[in-house]
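Just so you know, these numbers use all the heavy atoms, side chains as well, and skip hydrogens, waters and symmetry mates. Predicted model, so just to flag it, every value in this text is computed and none were measured.
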Amino acid sequence: KVERPGGGDEARGWGPPFVDGASVWFASANRNKQSIVLDLRSDEGREVLDKWNLFRRARLAGVPTPATLAPASVEEADEALASVSLPAVLKPRRGNGAKGIVIVRDAVRGAAAYRNLVQQFQLDAGNLPLIQEYLDGVQMGCCFIAIDGEVKARLVERYVRCKQAG
């Protein structure tokens, strides 16, 4: 759970009821979650908008994450797709709303889909798509709306469809 600096999520103050000064509503809605503070006004805060950086930070914090690769070239992506367990997920390093996310079930078609993403989004070597382990289950995402680095709205959504290749 991402919270803003200087007070965290405003829902921490929702109540009554409170127990030991903590909002019962907040505690129940966020049970089993870990929180981090993120200032989107800082360079460090904006750094996590890159999904590879966010993945590495989550892994360091002990958050369970799917296996993820960040190929340095299209050729490296070809090699990775030939060796990873399929299906796999291709996803742009930046962006939201599931734009550019492709599930691949075949290495040859996956390589073509990878190249298509690079061309479609005009990506350079430092921003190539990630290759991520596919986890079966309900597909979910989250969205934050920020103005001048302050989060104004956030939501979690269930995806009802996802583009597939292969």
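For the pair R12 and F18, the tightest heavy-atom approach, listed with the atom from each and the gap, is O-CE2, 4.3 Å. Taking each heavy atom of A11 and S23 in turn, the nearest pair found is O-OG, 3.7 Å. The nearest pair of heavy atoms linking V104 to G110 is CG1-CA, 3.6 Å. Taking all atoms of both residues into account, the shortest heavy-atom contact from A113 to V102 is CB-CG1, 4.3 Å. The two residues L117 and G100 have their closest heavy-atom pair at CD2-O, 3.2 Å. Across all their heavy atoms, K91 and I101 have their closest contact at CB-CG1, 3.9 Å.
Applying the ring pair (Phe, Tyr, Trp, His ring centres under 6.0 Å) test to every pair with at least one member in residues 53-93, sequence neighbours left out, gives these pairs: W52-F55.
For the atom pair CG of D50 and CZ of R57, the computed distance is 11.0 Å after rounding to the nearest 0.5 Å. We find the CZ-CZ distance between R94 and F121 to be 14.0 Å, quoted to the nearest 0.5 Å. With rounding to the nearest 0.5 angstrom, the CG atom of N53 is 12.5 Å from the NZ atom of K51.
Side-chain contact between I131 and L90 is present, with heavy atoms from C-beta onward closer than 4.5 Å. For the pair T68/Q132, a side-chain contact is recorded, criterion being any heavy-atom separation below 4.5 Å from C-beta on. Using a 4.5 Å heavy-atom cutoff, the side chains of R93 and L128 are not in contact. Considering only heavy atoms from C-beta on, Y114 comes within 4.5 Å of P71 through its side chain.
Put simply, the side chain of D124 gets close to the backbone of N127: a donor and an acceptor are under 3.5 Å apart.
Checked against side-chain contact (heavy atoms from CB on, under 4.5 Å), A72 has the following partners two or more places apart in sequence or in another chain: E76. By the side-chain contact (heavy atoms from CB on, under 4.5 Å) test, E133 is found to be paired with P66, A67, L135, residues two or more places apart in sequence or in another chain being considered.
Residue F26 is grouped with residue W14 when hydrophobic side chains (ILVMFWY) are merged at heavy-atom distances under 4.5 angstrom, including chains of intermediate members. Residues L69 and V74 share a hydrophobic cluster, clusters being chains of Ile/Leu/Val/Met/Phe/Trp/Tyr side chains in contact below 4.5 Å.
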